[in-house]
Structure formats: structure tokens, C-alpha cells
Amino acid sequence: MSELTLTVMRLGFLAVLWLFVIVAVQVIRSDLFGTRVTQRGSRRQEARPQQGGGRQQAAPPQQRGQQPQPTGGGRSRRGAPTKLVVSEGTLTGTTVALQGQTITLGRAHDSTIVLDDDYASSRHARIYPDRDGQWIVEDLGSTNGTYLDRTRLTTATPIPLGAPIRIGKTVIELRK
Amino acid sequence: MSVVTNTTTIGAIEAPSRRNTELALLGFAVAIPVFAYLNVGLAIDGEVPSGMLGYGLGLALLATVAHLVVRKWAPYADPLLLPLATLLNGMGLVLIWRLDQSPRLIATSMRLYKSFSPDAPSQMMYSAIGIAMLVAVLLLLKDHRVLQRYTYISMVAALVLLLLPLVPGLGSAVYGAKIWINVAGFSIQPGEFAKIVLAVFFSGYLMVKRDALALASRRFMGLYLPRGRDLGPILTIWAVSLLILIFENDLGTSLLFFGMFVIMLYVATERTSWIVMGLLMSVAGAVGVASFAGHVQARVDAWADPFACAKDVAACDQMTEVLMSFGSGGILGTGLGQGNSDLIGFAANSDFIFATVGEELGLAGVMVFLLLYGLIVERGIRTSLAARDPFGKLLAMGLSGAFALQIFVVAGGVMGLIPLTGMTMPFLAYGGSSVIANWALIGILIRISDTARRPAPSPAPNPDAEMTQVVRP
């Protein structure tokens, strides 16, 4: 065997070995780039206990499509509500800090506040701040409706401080 | 505009089974050793080696069987574990076969034992048994959580496996280390299997006790010390296995077990104090053992300055040969079949096989092999991250940690980074127990990764699906 052939084979073999490593790394590229990072700011404060410390499920699509929201931080207005309190129903006493994210209410597991209430729909209502930081409640086409004080909501409505919002047997209100 | 974030969740976009990727990589992983056979044959004899077709077809057959079994019984398994292990096993076969061709080693063997038998055919047989082991693991172990039931049985089994070489009539001492048993004409190294069984025990035990170990602790000099009753059983098993190993003069394995123990304890409890304590204890243990056991003393001398004692001590002589071998390889190596690593007269194809890689494939080749091992470890840790149950997490972490430590101990020992301890390079070195045990290890990792990557079953009682009751006015 000529010296040249052997040299070519030697370098070729090393090249093939490296090629295998590169191909293998390409296969697991998704570990580095192909994963989805879901930001779940508000889910820490949710009322229900974490089950068993197991792997947290990724948030469902509808929660990820959040519209641009005012960054709470420095521009909290005087007199603006800072927390949401459940005052009636099975979750009585639960409070959730308002930090500028949308809060969804319903029986679905992925809601911010999971209502254990037979009269609530899976996706019942949502509460979100508008551009000025005013908190708005909107019914999401629920079966039994969402009531602000005594009136059934038909459109997105601003929430006055302390006004009771009734969902099934649950009543929540915004407080400072 | 970003929202205030407290947690981020990382999840794969989709979990395709990727079996076809695995098949393509397996084809590649079989082709590379065949190329290597060709290269060795052309370099040594100047002709295409006669055994090439046989070994190539044998390896391809084994890979096909393994792939089909994985495709049928573990369809969501990690696509890289099997090709990486196959490539390493195939390259091990080539390197052993290459050393079989060496006239120097044949002459040495004839002089010492009056006979010479090539090792490559038996390594091929061990590889076949190893693949059979992988198949058996995948067929019998439908769910790795079954192993959880055998936590304490595995503790006993590990102790028995470690004690077997000390049984008179069964165990046999080879080169000062009593780690072998003879059963029906075969030498078996039970320590290799004890590694897996001990990982099962540690993960089963730590899964139950990790909260007690992590939280119910006293603060002492900045370190968190757990209560004795939580730590007792695990310290006992550690001390017993360590004592046995010291008694058997097998320090590489005891280092491996201790390292695995510390890694798993750290992963289970998230307490850094374990790392500190582990390092302190291993330093104390190493100094203590080195000053008492003569067998180890020689190894430490050989590590500190092999050239000073090369004339008198066999351990130093081997070390100088290995270092020369690595050195003469340079960056690109001498080419397969063209090096002189067969000058290492002792254990050239088992403990010191990495020196052949270093000489004939050079730094570039050594890096490839370390990367291949690194990728196996990475896949194992990734599996551990993705696993949904704490037992699977700990087991995958323990097994890949043990694998990584073994690579470190062997490669570091051969290259002169740490004192040499007689352990085998997984898949590469000649030795039945090692190949079979490591294929079983890969089998368990494949099983855990299959469970981890399988799409999650939908939760059984789904309240979302229940009807909302309508309020009647």
C-alpha cells in the first residue's frame, strides 16, 4: 500500500469520525434551540396548590397570546387595586396579586384561578388591565354569565374598586 | 414588552419518535468500523482483510436486531444512545482485532502462555450477548418504575455481587485485584453489574428519603448535616461496599461507587454541602488507602514520576509505555495499524486500549472518543431532566453519572492525570462483563428515555369535560 493512500485514509477516517460527532450533535440540536420557553409570570401566585411537585405543564396556547400590557412596576396609579380577593365560594379568602397580567377564571385546569364551582364554565371570564392600567372584566361566553354587582355583563366593563363580581357561587372583588 | 417572569418552563416542541434518525445514524455507526477494518488491513498486510465482511455483517446484524427491538418496544426512546454505543462497540472490536494482528503481542503470548488466541472473536461474542442483554432489558422491563419495588433487594444483591469474589473457590485474584469469579469456565467481574444494581438501590432509597435528608438537618459549621436515622442505611452500604473493595484491591470501582453516591445525594437533596463532604471524604480516603495498601502505593508512585521507577516497578514501566504511546501519536496520529502501541506488553487491549486510540488516531481521535462518551452521558442527563417520575430521574442521573465517572477514572488514569486504577473503558476495552453490563445500562437508559419522551397520557378525570350546571331562574 502506498504511503499516500494510507495518509489519505488516516485523515479520511478522522474526518469521518468527526462527521459522525457533528451529525449526532445536529440530531440533538433541538435540545439547544428547538425548545419552547414559556413565560408564566402570574402562575406562581395562583391559588390552587401545586400537585405533588411534579413536572409543570406548559401553558396552553390561549394563555400565551397575551396582548401588550402596561408593565406594572413603577407606574402603579394612586388608588389602583393591587390584589384580587375571593370573598364567597369554596375559594373564600384566596388573594392573587395583580401584576399587570391577564387573570383567567374558570374550571379549566389552566386558568389562573381554578374555580371549583359547578356553576362556572371551564373558561368563564377574564380580568385584564387596559392601556391606562384600569382593570377590565370580560365574560368569555359563559353558560351562567358573569355579574358585576347585580348586572349581567355583556361587554368588557371596567371594575370599580370593591365591586363584587359574581361567577356561579363565587364572588371576587378587587382591593387596594 | 415583557411580563414579569417568575418561572420558565421548557418543553420540547413535539416528540416525534425519531426512529428513522436512529436507523440512519446506526448505518453510519456500522460503516465507520468497517472503514476502520479496511484501514487496518491495508496498513498491516496491504490487502483487504478477510475478516472484514464477517465482523461488518455481524455488527450490522446486531445493530439491526437492537434497532428493531427498540422500534417495537421503546418507540420514543432517545435516538442517539444506540448508535453511539454501537459505534464505540464496533471501534472496540476493530482496535482489539488490530492488536490481535500484532506479531509482538503474539510473540509475547507464545512466550508466556505457550499459546495465542485472538480476542476479537470472543469480544464479538460478548457484544452479541450484550445486545441480547439490551433486548432482554427492553422486553422484560416494560416500565422502569418496577425497579422501585426492589429497592432493598437490590441493596442485598449489590452486596452479594461485591462479596462474591471473596468466596473461596469461586473468586480468583488476577494481578493483585480480587474482582473476578469463575463460573463454568467463564471469568465474570461482578462489580460491573453491581454498579447498575447499586444505582437502583440509591435511587429507590433517595426518592423516599430525600425530603428527610434535605430538610431535617442540623446546621454545623455552615454545612447541613442530616439526622443519623435518615443517613444510616446509606452510609452503611457505602462503607460496606468501600471496605469490600479496599479488601479486594479494586480502587477504581470504589471511587466510582463513592462518586455515584455523592452525585445522587446531591441531585436528590440539592444541598451543596454533600459535594464538600464528598470531596473531603474522598481525599481523606485516598490518602488513608494510599498510605496503607502497597498495591496502591506503587500506582501513586507510577503516577507521580513514572520515568523515575520505570526500571524496577512494573506499574511505572506500563505507565511510561502508555505515555510514550500517547506522545508519539501527536495531533493526527500514526494511522490505524501503523502505530507501536502493541509495545505495551500488558493489558494492551483492555486497560490500556485508549493508548492505541491515542497513538493511532492522535489527539483528534481521542477527542472524538471522549465526545462520543460525553454525548452518551449528555443523553443520559437529558433523559433524567425529561423523566416525569423522581425515581426515573435519579436512576438516569445515577447511571449516567457512574458512566461519566468511569470514563474519567480510566481516561484520566491512562493519560496520567490521576493514579491508574484497573478499570475498563466502557464498550472499547476487551472484557465480557464490562460490555454486557454497559449494554444493560444503555438498555435501562433507553427504557427511561422512552417513558420520558412518550407523549403524556391525558389525565383521567378531566373536570373541564364535565357539563356546567345551568342556573334555572
Side-chain angles (χ1 to χ4, degrees), chain A residues 1 5-7 9-14 16-21 23-25 27-28 30-31 34-45 53-59 66 68-73 99-101 106-109 114 116 118-124 142-145 168, chain B residues 1-13 18 21 24-25 28-29 31-32 35-36 38-39 42-43 46-47 78-80 83-84 87 91 332-336 338 360-362 364-365 367-369 371-372 375 378-379 382 386 388-389 456 459 462-466 468-471:
Chain A
M1 239 336 98
T5 322
L6 286 177
T7 309
M9 275 192 106
R10 167 167 71 107
L11 298 179
F13 185 72
L14 285 175
V16 169
L17 276 179
W18 276 102
L19 189 66
F20 183 88
V21 171
V23 169
V25 171
V27 169
I28 56 166
S30 66
D31 271 10
T35 52
R36 184 176 61 196
V37 175
T38 313
Q39 301 190 323
R40 317 189 317 159
S42 63
R43 289 175 65 82
R44 257 292 124 104
Q45 295 103 37
R55 213 168 79 116
Q56 294 169 337
Q57 303 149 351
Q66 288 169 349
Q69 283 153 7
T71 45
Q99 286 182 328
Q101 305 97 326
R107 254 184 22 241
H109 269 304
V114 180
D116 180 18
D118 288 343
Y119 295 94
S121 300
S122 343
R123 304 189 198 288
H124 198 108
S142 63
T143 309
N144 292 323
Chain B
M1 253 192 266
S2 72
V3 184
V4 182
T5 57
N6 296 328
T7 49
T8 50
T9 305
I10 297 175
I13 282 178
R18 311 203 76 170
T21 317
L25 274 172
F28 204 173
I32 291 176
F35 183 18
L38 185 68
N39 196 344
L42 287 179
E47 58 189 25
D78 193 283
L80 274 190
L84 288 169
L87 175 60
M91 283 310 296
L332 293 175
T334 57
L336 280 171
Q338 298 155 73
E360 307 206 330
L361 296 173
M367 284 301 153
V368 167
F369 278 84
L371 273 175
L372 293 177
L375 280 171
E378 193 268 349
R379 293 327 286 163
R382 174 71 204 172
R388 297 192 184 97
D389 62 306
N462 190 355
D464 298 6
E466 285 169 23
T468 304
Q469 293 192 36
V470 181
V471 178

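Proteins get letters first, then strands, A, B, ... in listed order; numbering begins at 1 in each. Owing to the predicted nature of the structure, the values given are computational and were not obtained by experimental measurement.
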Verdict with reasoning, B:Leu38 to A:Met9, per side chain to side chain contact (heavy atoms under 4.5 Å, CB included): CA-CA 9 Å; B:Leu38 185 68; A:Met9 275 192 106; 3.9 Å; yes
So, do A:Phe13 and B:Leu361 sit near enough that their side-chain heavy atoms are less than 4.5 Å apart? yes
Side chain, backbone, both or neither: which part of [X] has a heavy atom under 4.5 Å from chain A?
| X | answer |
| --- | --- |
| B:Leu371 | side chain |
| B:Ala36 | both |
| B:Leu332 | both |
| B:Ala29 | both |

Segment of A:Leu19 engaging chain B (4.5 angstrom heavy-atom cut-off): both
Considering only heavy atoms, which portion of A:Thr143 lies under 4.5 Å from any heavy atom of chain B: side chain, backbone, both, or neither? side chain
Among B:Ala364, B:Gly362, B:Gly365, which has the most heavy-atom pairs under 4.5 Å with chain A? B:Ala364
Residue from B:Thr21, B:Leu25, B:Leu84 scoring the most non-hydrogen pairs under 4.5 Å with chain A is B:Leu25
I need the residue from A:Leu14, A:Thr7, A:Val21 with the largest number of non-hydrogen atom pairs under 4.5 Å to chain B. A:Leu14
Sidechain-backbone polar pair: A:Arg10 side chain, B:Leu336 backbone, donor-acceptor under 3.5 Å: no
Can you check side chain to side chain contact (heavy atoms under 4.5 Å, CB included) on A:Ile28 and B:Glu378, steps first, answer last? CA-CA 10 Å; A:Ile28 56 166; B:Glu378 193 268 349; 3.6 Å; yes
If every non-hydrogen atom of B:Pro79 is compared with every non-hydrogen atom of A:Val27, which pair is closest and at what distance? CG-CG1, 4.0 Å
Point-to-point distance, once rounded to the nearest 0.5 Å, from CG of B:Leu42 to OG1 of A:Thr5: 8.5 Å
